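Remarks on the structure that follows.
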Amino acid sequence: MTATGTDRIDWLRTMIEIRLFEDKVQELFMQGRIQGTTHLCQGQEAVCVGAVGALEDRDYLTITYRGHGHALARGMSMEAAFGELMGLTSGCCHGVGGSMHLTDFSRNLIGAFAIIGPSYSVGLGAAISAKLRGTDSVAMAFCGDGATNIGTFHEALNMASVWKAPVVFVIENNLYGEYSPLRETTPLDDLAERAKAHAMPGVVVDGQDVDAVHAAAAAAIARARAGEGPTLLEMKTYRYRGHSRTDPAKYRAEGELERWKQRDPIDLLGAKLAAEGALSAEEQRRLRGRIQAEVDAAAERAAAAPVLTLEETKAYVYAP
Amino acid sequence: MTATGTDRIDWLRTMIEIRLFEDKVQELFMQGRIQGTTHLCQGQEAVCVGAVGALEDRDYLTITYRGHGHALARGMSMEAAFGELMGLTSGCCHGVGGSMHLTDFSRNLIGAFAIIGPSYSVGLGAAISAKLRGTDSVAMAFCGDGATNIGTFHEALNMASVWKAPVVFVIENNLYGEYSPLRETTPLDDLAERAKAHAMPGVVVDGQDVDAVHAAAAAAIARARAGEGPTLLEMKTYRYRGHSRTDPAKYRAEGELERWKQRDPIDLLGAKLAAEGALSAEEQRRLRGRIQAEVDAAAERAAAAPVLTLEETKAYVYAP
Amino acid sequence: MSTHLEAERPEAAAVVTELTYREAIRAALEHELEEDPAVLLMGEDVATAGGVFKTNEGLPEKFGRERIRNTPICENGFIGVALGMAVTGLRPVVEIMFSDFLPTAADAIVNELPKFRFMSGGQCVVPVTVRSIGGATGRFGTQHSATGESWYIGLPGLKVATAGTPASAYGVLRAAIRDDDPVLFYEHKGLYGRKGPVQLGHDGILPVGRAGILRPGSDVTVLATLLMADRAVSAAEALAEDGISAEVVELRWLRPLDYDTVTESVARTGRLLVVEEQVHAGGWGATVISELSMRGVPMERPSALSMPDDLLVSYSPALEDAILPGVDDIAARIRSLVEA
Amino acid sequence: MSTHLEAERPEAAAVVTELTYREAIRAALEHELEEDPAVLLMGEDVATAGGVFKTNEGLPEKFGRERIRNTPICENGFIGVALGMAVTGLRPVVEIMFSDFLPTAADAIVNELPKFRFMSGGQCVVPVTVRSIGGATGRFGTQHSATGESWYIGLPGLKVATAGTPASAYGVLRAAIRDDDPVLFYEHKGLYGRKGPVQLGHDGILPVGRAGILRPGSDVTVLATLLMADRAVSAAEALAEDGISAEVVELRWLRPLDYDTVTESVARTGRLLVVEEQVHAGGWGATVISELSMRGVPMERPSALSMPDDLLVSYSPALEDAILPGVDDIAARIRSLVEA
Ligand SMILES: Cc1ncc(C[n+]2csc(CCOP(=O)(O)OP(=O)(O)O)c2C)c(N)n1
Ligand SMILES: Cc1ncc(C[n+]2csc(CCOP(=O)(O)OP(=O)(O)O)c2C)c(N)n1
Ligand SMILES: [Mg+2]
Ligand SMILES: [Mg+2]
């Protein structure tokens, strides 16, 4: 399906929501209202919104610990996301999972993985399952650039290709794995090349341009749904923050962050919409203000919920 | 180094030795003098002899459970090999390892792996070690076609490439995993393609032609020794026997085995040497007779040795 | 949310037949595949030549290559695939050819299968059964002879089962496949040819988490699994002639572990011997002895016949035989306990 | 065939200093890297920003990026690489960022490291040290909070060590790196900031396989590791005021396990409590209680304070705190044992 004007305004809305949601997360951390660690996707919003937005409700989705944006793009309420980061019953997993495990089976968001590898194999399993059960659902699985060096990444691509599975694999290449720049751990720049080892089409996509991301994802999804097999999409993007909360990201080259910010995904789409007269700069400012109010309200609503007792969590260990 | 006439006669000798050694192994199994399982490499002798023959003594070698040919090509005595298969102290590992673990540190044959994956990562480790210790030794690591589907295969290729390690990776593509034909588990025919995922040169080689195997291996070894990095060599070959002793290989297509036997590696080289007048058919017959006598004698010598006691094997568990 | 269909297709009246352990495994698979279209079997070469241990003869012909699926060699990857299938409505049975290969997939086994439901806050169930074939006696050498039965007993969220007889092979495997939690099910390659009575049908399905008394006795409780359960029965039979009455309990489930049956038996006999095809450290045997000691179950000093803590299995047939607890070793130990 | 060079470069006279656990780890690494050119450190991001837990500050600058090597994300692959290095003359130290990732490399840990020397018939030694950082208290959630300390205690050929104090961090890690066998060395992320006296230099190297008495006592023996050893000491201190004398033994080595020290202590106190940041099933605690019961060491009914067998660690801070044995829980249990 091709994007309409209203779709694109909605993308802008969602990208801003993700950006402001994560600003709030950072703030809540500083206040000690969220503990532990978190992995922000600021700068990568176009990937979450463009790719996830191309899925149908009946499709499956697996993401990673850097998954706030994907979960929100999939329609999870900010309250459910905030609640999970706060460890409260208002969370999508009732506070048991935390920031790295935003999961919502009601939206076919079947897993968020804190350990690298299985996001691809489990997503593939859902795709094969959909096919065996006679549905036309497809699955989309996410991982990062560094994750393409672990064996399971290749194991999943190989199985998907040999079984012609209805799955779309997305690599979010933000140029770093924790503190290591891509080329210190990986011998090539275009990770889409890795599809060649598995006779699978690989596509390099401008991850800052939500239109490009959505178009590439839609094409891969259509291919999967048509039974033509899997596709590997490499999204060229960049994370503005450090790897996790405790990382000041001092290891980055002078000016690199600033260069990337000139192609900020929200600014890029905002400028287009303004130029096309679809949404003026003024309207965008107002939109941002409304979203900020929603973010603040959602955080407060989430914070009002209680914490589970250990006893209550026992029900989650084994099936009823 | 390019092969001389005497080299090639020696290759023929070694290929015949491997062929007759494994015929004897089969015979000893039938007599119950060897137990358990074994994985014969008959049909693949040119790969063992051509590739291993291109290494220097100071180079390292890792092989697999299908390793009789490689061990003999590396210079292990038939007595030490027979002894190991019989589980006796005459074996290279004193009978503790068995058919799947023919190991000989005195020849830098540092490991034979019964579990798929580590033959590449461990071989790579030896290569990096050689470099760090300031030597110019290289390492050669073997695996099969089916093994290219396990994650560790790709993990090793990735590390080798990003670290420009002095290692040569050899795939013995004999068209089958255990019982599964390549294309049932793998989406492409030329496994050398998999090097592209790791920005590494990949070369397809006629694994039945020992001259071609040796030339390709020598070139990759020279490249590694010169510090230019790793190479992936895919040897197209075929195993005449089933996967292991208990496998009659009924799953193979009618006539497939016969077709491959027309390009038997021993016959191919033998015909060349006869045509070139280097070694006549008659001389080759006599050579085969002499080797058969050596094989039989080696088996008898090996069989005369005792078995270790459990108590004696304790010394192998922890370092002295 | 089990998707079984007993209601619609009632099974033929239960019958007891003499089957080999291998035939019992095959029957369990066939019956679950028949009853529930959500069940499927996947693994390396499971659909070719009956599978490496010939437990799957005829299944691909009957259920098709989609439900009996050969996988590439990538244990961690295809258990991940099974997980994705399980949380979207299927009930995959995964075959890991040798238990020694379970560690190849340990990330999926330790970090995903047991924790997936929990981390989601109970949003899903994970009905994955992982069959693996372990144990010595095959002359397969150091890397193909582990039972591995205790490697994963300390993981809440997972269940761990074993089979030491044809009846257990059928009844425990069916129970494992029908269970909505992830189950590791261990088979022993040394038992496939063993014959025994098997109750086919739903009546032959054995309860999750329950041990079984293979041979009642009054002088000592011998606790064992897999091949050791089989050998313990032979030892007990031999001792009966000398008037020594040993009760052999097959533990079957290592998680959850049936302390009721074990405690009742030990309280009755006053003596406990665990026989293990594994070292004692970190195993179910140590776990049981520790629990009973902490609970103060009245018994003589407990005893364990296990594999040496400072040795590994060799290829050499003589050495492989020597390292395993044999029927005579078990009998001798029982005798020394009873006559002490 | 250790390649140490004490002879040629004797160390500065031993000194005792107050160090954090983190500083002690760093000092152990630095001193071994200094003493033996064959030692190297590899792992994910070990050479950047001091490593993820800041234990490697300054090491890349001092020893170079070849010896302090960042690896791609592929635990099973790079432990295989370390094995290949070790059997060809190097002494690699591998850092696995979280102990939860050890299963990702379990094939190398279970099937290769412990068995490699054995299968070769003793042709090589395997001096690989695998450091991993485990344990809860970080609010890292279900997949980043395991100690994993007992996952690999049943593998002859391997050695398993832990550190619960800065002195152990320094002394046990150095001993592990100098040992010619593969050693899994566990650190606890909740202890990095803990301060304590450390004897630097060779005199601070603690013997392989030996437990340590952190606090002598006469009423009960409290056996613990890692964070639980630290908490046990706090509990013992609190109880001292009430005249209860608890002896705290830090086990340190889980394989080989120091039964001499444990047995001597328990025989003296007559009581045993194991405190574990893990479930009891399949752990070192069950192993010790079982062994002592089988040996008939005279003691009251033994006790274990472990993590619940039917629960997992949650992200929620309140839930994470609640599931761990706390200082008060330990004190209360000791009191109930002594006053029973
Ligand atoms: C198996 C495993 N090894 C290591 C880690 C620790 N870790 C978490 S994120 C990360 C870097 C991943 O980088 P990338 O795949 O590029 O994803 P990004 O964080 O950049 O989104 C690492 C090494 C892990 N979670 N799992
Ligand atoms: C991790 C692992 N999984 C499965 C096996 C069982 N297995 C042994 S050989 C083999 C097939 C390997 O095929 P290939 O790599 O083509 O080598 P070949 O036997 O043809 O030489 C399999 C699946 C194993 N040894 N290790
Ligand atoms: Mg990245
Ligand atoms: Mg093959």
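Remember, predicted model here, so these are calculated numbers, not experimental data. Below, read A as the first sequence line, B as the second, and so on, with proteins coming before strands; counting in each chain starts at 1.
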Measure the CG-CE distance between L124(B) and M85(D) for me, rounded to the nearest 0.5 Å.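 One finds 7.5 Å between CG of L124(B) and CE of M85(D).
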So which residue, A82(D), P182(D), G122(D), ends up with the most heavy-atom pairs under 4.5 Å with chain B? G122(D)
[options]: which one forms the most heavy-atom pairs within less than 4.5 Å of chain D?
options	result
A165(B), A126(B), A315(B)	A126(B)
I115(B), V122(B), I110(B)	V122(B)
L308(B), L102(B), I128(B)	I128(B)

Side chain, backbone, both or neither: which part of L40(D) has an atom under 4.5 Å from a heavy atom of chain B? side chain
Across chain B and chain D, what donor-acceptor pairs are shorter than 3.5 angstrom?
residue : atom : partner : partner atom : Å
C92(B)  : O    : Q123(D) : NE2          : 3.3
T103(B) : O    : Q123(D) : NE2          : 3.0
F105(B) : N    : Q123(D) : OE1          : 2.7
S129(B) : OG   : T88(D)  : O            : 3.3
S129(B) : OG   : T88(D)  : OG1          : 2.8
R133(B) : NE   : T88(D)  : O            : 2.8
R133(B) : NH2  : T88(D)  : O            : 3.1
T152(B) : OG1  : N76(D)  : ND2          : 3.1
E155(B) : OE1  : G77(D)  : N            : 2.8
A315(B) : O    : R117(D) : NH2          : 2.6
Y316(B) : O    : R117(D) : NE           : 3.3
Y316(B) : O    : F118(D) : N            : 3.3
Y318(B) : O    : R117(D) : NE           : 3.2
Y318(B) : OH   : G157(D) : N            : 3.1
Y318(B) : OH   : L158(D) : O            : 2.7
A319(B) : N    : D181(D) : OD1          : 2.8
A319(B) : N    : D181(D) : OD2          : 3.3

Using 30° and 60° as the class limits, which term best fits the ring planes of F113(B) and F116(D): parallel, tilted or perpendicular?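 F113(B) and F116(D): tilted rings.
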Taking only residues two or more places apart in sequence, or in another chain, which ones meet V317(B) in a side chain to side chain contact (heavy atoms under 4.5 Å, CB included)? L311(C), F118(D), P156(D)
